[in-house]
Each structure stands twice: as structure tokens, then as C-alpha cells.
Chemist: 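Structure provided below as C-alpha cells; questions to follow.
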Amino acid sequence: MADQWMLRGVEFSNCNCSYGCGCQFNAPSTNGFCEAMGSGYIEEGYFNDTRLDGLNYVMLLQWPGEIAQGNGTQQIFIDERANALQREALRKILHGEATTPGATHFFVFNSTMSNVLEPQFVPIDLSIDVDDRKATVNVPGLVESTGTPISNPHTGRDHRARINLPEGFEYTVAEVGNGSTKAQAGIALNLSNSYGQFNILHMNQDGVIRA
């Protein structure tokens, strides 16, 4: 029988695009190349008989051109609290394995990679509040990222914007915010005040689970 899995939780991502991110609209990226950090907290999840509740993960992604052109590099970080079965389960999911082809962003990202670095099992301190557009990600010595609401330059108040993708393969609704990331791992990133994405994650091996 094929592997069966499910993840339900929250995600925060930060890439080098301007607010909105062309990828969300099948448009070119802001800079002609993509660098990104993705992170998630699994409130509830499983891989076959292995529970994944309460675990964190972080992904670093980098492409020299547009994502669809490939030749990317990927590195994943998995919560050190995960046991051996949980580590392998999350590795498979995050690398797009045990997944219907094209059904999830994990599969799509991995399919564009020329270089998949070895996963690291590390402490991950993670906090994501989708509604408030706030997040902190800390992988000590390797990745530090923050997410905040967009600030209206005229009033100083928080500005709220959403992206609704009814047929999306990562989410159906995402809150847009501001993100900054520094990474000094197999991939180096230095992103400042660029596209931040906050969303509910609810998917299985066949894609997003729609209410």
C-alpha cells in the first residue's frame, strides 16, 4: 500500500520578491531569481503509523533563475526532538516523496532541484501567528527569520492583504506580510523587508485538503 500522510498546522515563508510574489500569480519573480526560507509547525500530523504532532521544520531554497527553470539548491532542517521514524517521515514529505506528482509545493520545489543537501536535525525555535502576521524562526547559528505585518507608510498602521488561491497546491488563503531572513548554512540568505507569507497548512499525499 502507498504511504498515507497528513499535515495540519501553520507556515511562515519569506522570499526575495516584493510584496505579493509573482509566483502566486504565475508571473515572473521580482528579481529574476528566487531565494526563500519556509518554516512550519505541525499541530497534528502522521505518516502511516508515525505521529508527527508538535514538530517543527525549516527549508532553505535557492534558484539561479526562475523556479521553473530549475537548477535549484535545497536544504531542510528537522526538529531534533523527532525520533528516527519521525525524521525519515518528515524527510520524505519535505523532499516531495510519497506524494502524488505535482500535488504539493514540497513536490514541486524538489522537482526543480539539482542539488539537495543533507538534512540537518537541529533545535528549532518557532512561533507563527497567521492572523496577526507575526513569526519568529531561530535555528541557532544557522537560520534567523522574522515576520511582521506590512506597515502603512502614510499612517504607520498595520496594512492587511490576502491572497486567495482556491486551487492552490500550498494553501487556499495566505496573509501577506513583511519578512527578513539571515541564513548561514548550506545555503546563505540575506533577505530584508521582502515578501512574507503566513498561512494554514492542511494537506496530505494528494494535495491541499479543502473544507
Side-chain angles (χ1 to χ4, degrees), residues 7-21 23-24 30 34-45 52-62 73-82 86-87 90-91 93-94 104-106 109 117 119-153 156-163 168 170-203:
L7 300 180
R8 182 180 62 80
V10 289
E11 277 190 323
F12 166 63
S13 303
N14 175 215
C15 76
N16 62 324
C17 278
S18 299
Y19 301 147
C21 180
C23 293
Q24 313 306 313
T30 301
C34 183
E35 299 180 326
M37 183 284 312
S39 63
Y41 168 68
I42 302 167
E43 296 173 356
E44 179 186 7
L52 303 173
D53 305 13
L55 297 175
N56 300 315
Y57 64 85
V58 173
M59 306 174 67
L60 298 180
L61 307 158
Q62 194 171 55
T73 300
Q74 176 186 40
Q75 186 170 32
I76 62 172
F77 302 86
I78 293 172
D79 201 321
E80 68 171 1
R81 296 173 300 154
Q86 291 171 323
R87 291 180 180 195
L90 278 175
R91 185 202 66 76
I93 293 171
L94 297 175
T104 70
H105 61 307
F106 301 129
F109 289 159
L117 304 176
Q120 295 195 28
F121 306 101
V122 291
I124 300 174
D125 184 16
L126 182 64
S127 173
I128 301 172
D129 188 319
V130 174
D131 289 338
D132 284 350
R133 290 94 69 210
K134 293 180 180 179
T136 58
V137 181
N138 184 29
V139 182
L142 296 171
V143 183
E144 186 174 353
S145 183
T146 58
T148 60
I150 297 169
S151 179
N152 185 315
R157 296 178 180 174
D158 292 347
H159 175 72
R160 190 172 190 180
R162 285 179 167 180
I163 298 174
E170 181 177 4
Y171 62 84
T172 54
V173 177
E175 297 280 353
V176 178
N178 177 83
S180 294
T181 300
K182 289 186 178 180
Q184 302 177 39
I187 295 171
L189 297 180
N190 189 10
L191 309 179
S192 180
N193 298 316
S194 55
Y195 175 73
Q197 177 182 296
F198 307 77
N199 62 272
I200 301 297
L201 176 77
H202 193 192
M203 63 175 50

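Computed from heavy atoms alone, side chains included, the values below leave out hydrogens, waters and symmetry copies. One-based numbering along the sequence shown.
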Chemist: Do Met203 and Tyr171 come within less than 4.5 Å of each other through their side chains, counting heavy atoms only?
Modeler: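 Side chain of Met203 against side chain of Tyr171, heavy atoms only: no contact under 4.5 Å found.
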
Chemist: What I'd like to find out is whether the side chain of Leu191 reaches to under 4.5 Å of the side chain of Ser180, using heavy atoms alone.
Modeler: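 When only atoms from C-beta onward are counted, Ser180 and Leu191 do not touch, as no gap falls below 4.5 Å.
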
Chemist: Could you tell me if the side chain of Ile42 sits less than 4.5 Å from the side chain of Leu90, heavy atoms only?
Modeler: yes

Chemist: Mind checking side chain to side chain donor-acceptor pair (under 3.5 Å) for Arg87 and listing every partner two or more places apart, or none if nothing turns up?
Modeler: none

Chemist: Quick test of your reading: applying side-chain hydrogen bond (donor to acceptor under 3.5 Å, both in side chains), list the pairs with at least one residue in residues 8-20, sequence neighbours left out, ordered by first then second residue.
Modeler: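 Found Arg8-Glu43, Arg8-Glu44, Glu11-Tyr57, Glu11-His105, Glu11-Asn199, Asn14-Thr181, Asn14-Ser194, Tyr19-Asn178.
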
Chemist: Which heavy atom of Gln197 sits nearest a heavy atom of Ala174, and at what distance?
Modeler: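 Answer, listing the atom of Gln197 first, then Ala174: CG-CB, 3.8 Å.
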
Chemist: Please find the pair of heavy atoms, one from Arg91 and one from Ile78, that lie closest to each other, and give the distance.
Modeler: N-CD1, 3.7 Å

Chemist: What is the distance from atom CZ of Arg162 to atom OG1 of Thr172, rounded to the nearest 0.5 Å?
Modeler: 10.0 Å

Chemist: To the closest 0.5 Å, what do you measure between CD1 (Ile187) and CD (Glu35)?
Modeler: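 Going from the CD1 atom of Ile187 to the CD atom of Glu35 covers 9.0 Å.
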
Chemist: Does Arg157 have any side chain to side chain donor-acceptor pair (under 3.5 Å) partners at least two apart in sequence or in another chain, and if so, which?
Modeler: none

Chemist: Please lay out, stage by stage, how Leu142 and Gln184 fare under the test side chain to side chain contact (heavy atoms under 4.5 Å, CB included).
Modeler: CA-CA 5 Å; Leu142 296 171; Gln184 302 177 39; 5.9 Å; no

Chemist: Got Gln74 and Leu60 here, is their nearest side-chain heavy-atom distance under 4.5 Å?
Modeler: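 Side-chain contact under 4.5 Å: no.
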
Chemist: Does Arg81 use its side chain to pair, donor to acceptor, with the backbone of Gly54 at less than 3.5 Å?
Modeler: yes

Chemist: To the closest 0.5 Å, what do you measure between CZ (Phe109) and CG (Leu94)?
Modeler: 11.5 Å

Chemist: Below 4.5 Å, heavy atoms only, C-beta onward: do Val58 and Met37 meet side chain to side chain?
Modeler: yes

Chemist: Keeping to residues at least two apart or across chains, list the ring-ring contact (aromatic ring centres under 6.0 Å, His included) pairs with something in residues 172-198.
Modeler: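 Found Phe12-Phe198.
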
Chemist: Could you please spell out the steps behind the side chain to side chain contact (heavy atoms under 4.5 Å, CB included) verdict for Ile200 and Val173?
Modeler: CA-CA 8 Å; Ile200 301 297; Val173 177; over 6 Å; no

Chemist: Considering non-hydrogen atoms only, spot the tightest contact between Gly20 and Ile163 and give its length.
Modeler: O-CD1, 3.6 Å

Chemist: Please check if the side chain of Asn56 supplies one atom and the backbone of Leu126 the other of a donor-acceptor pair under 3.5 Å.
Modeler: no

Chemist: Side-chain contact, heavy-atom cut-off 4.5 Å: Leu7 with Leu52?
Modeler: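 In short, these two side chains touch, coming nearer than 4.5 Å.
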
Chemist: For residues 178-199, which residue pairs pass the salt bridge (Lys or Arg N to Asp or Glu O under 4.0 Å) check, not counting sequence neighbours?
Modeler: none

Chemist: Please give me the minimum heavy-atom distance between Ala185 and Gln75, naming the atom from each residue.
Modeler: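 In this case the closest contact between Ala185 and Gln75 is CB-OE1, 3.5 Å.
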
Chemist: Would you mind writing out the side-chain donor-acceptor pairs for residues 129-141 within the sub-3.5 Å range, not counting sequence neighbours?
Modeler:
from   : atom 1 : to     : atom 2 : distance (Å)
Asp129 : OD1    : Asp131 : N      : 3.3
Asp129 : OD1    : Asp132 : N      : 3.0
Arg133 : NH1    : Asp131 : O      : 3.0

Chemist: Would you name the heavy atoms of Gly40 and Ile128 that are closest together and state the gap between them?
Modeler: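 Taking Gly40 first and Ile128 second, the nearest heavy atoms are CA-CD1, 4.3 Å.
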
Chemist: Show your reasoning for whether side chain to side chain contact (heavy atoms under 4.5 Å, CB included) applies to Cys21 and Cys15.
Modeler: CA-CA 8 Å; Cys21 180; Cys15 76; 4.0 Å; yes

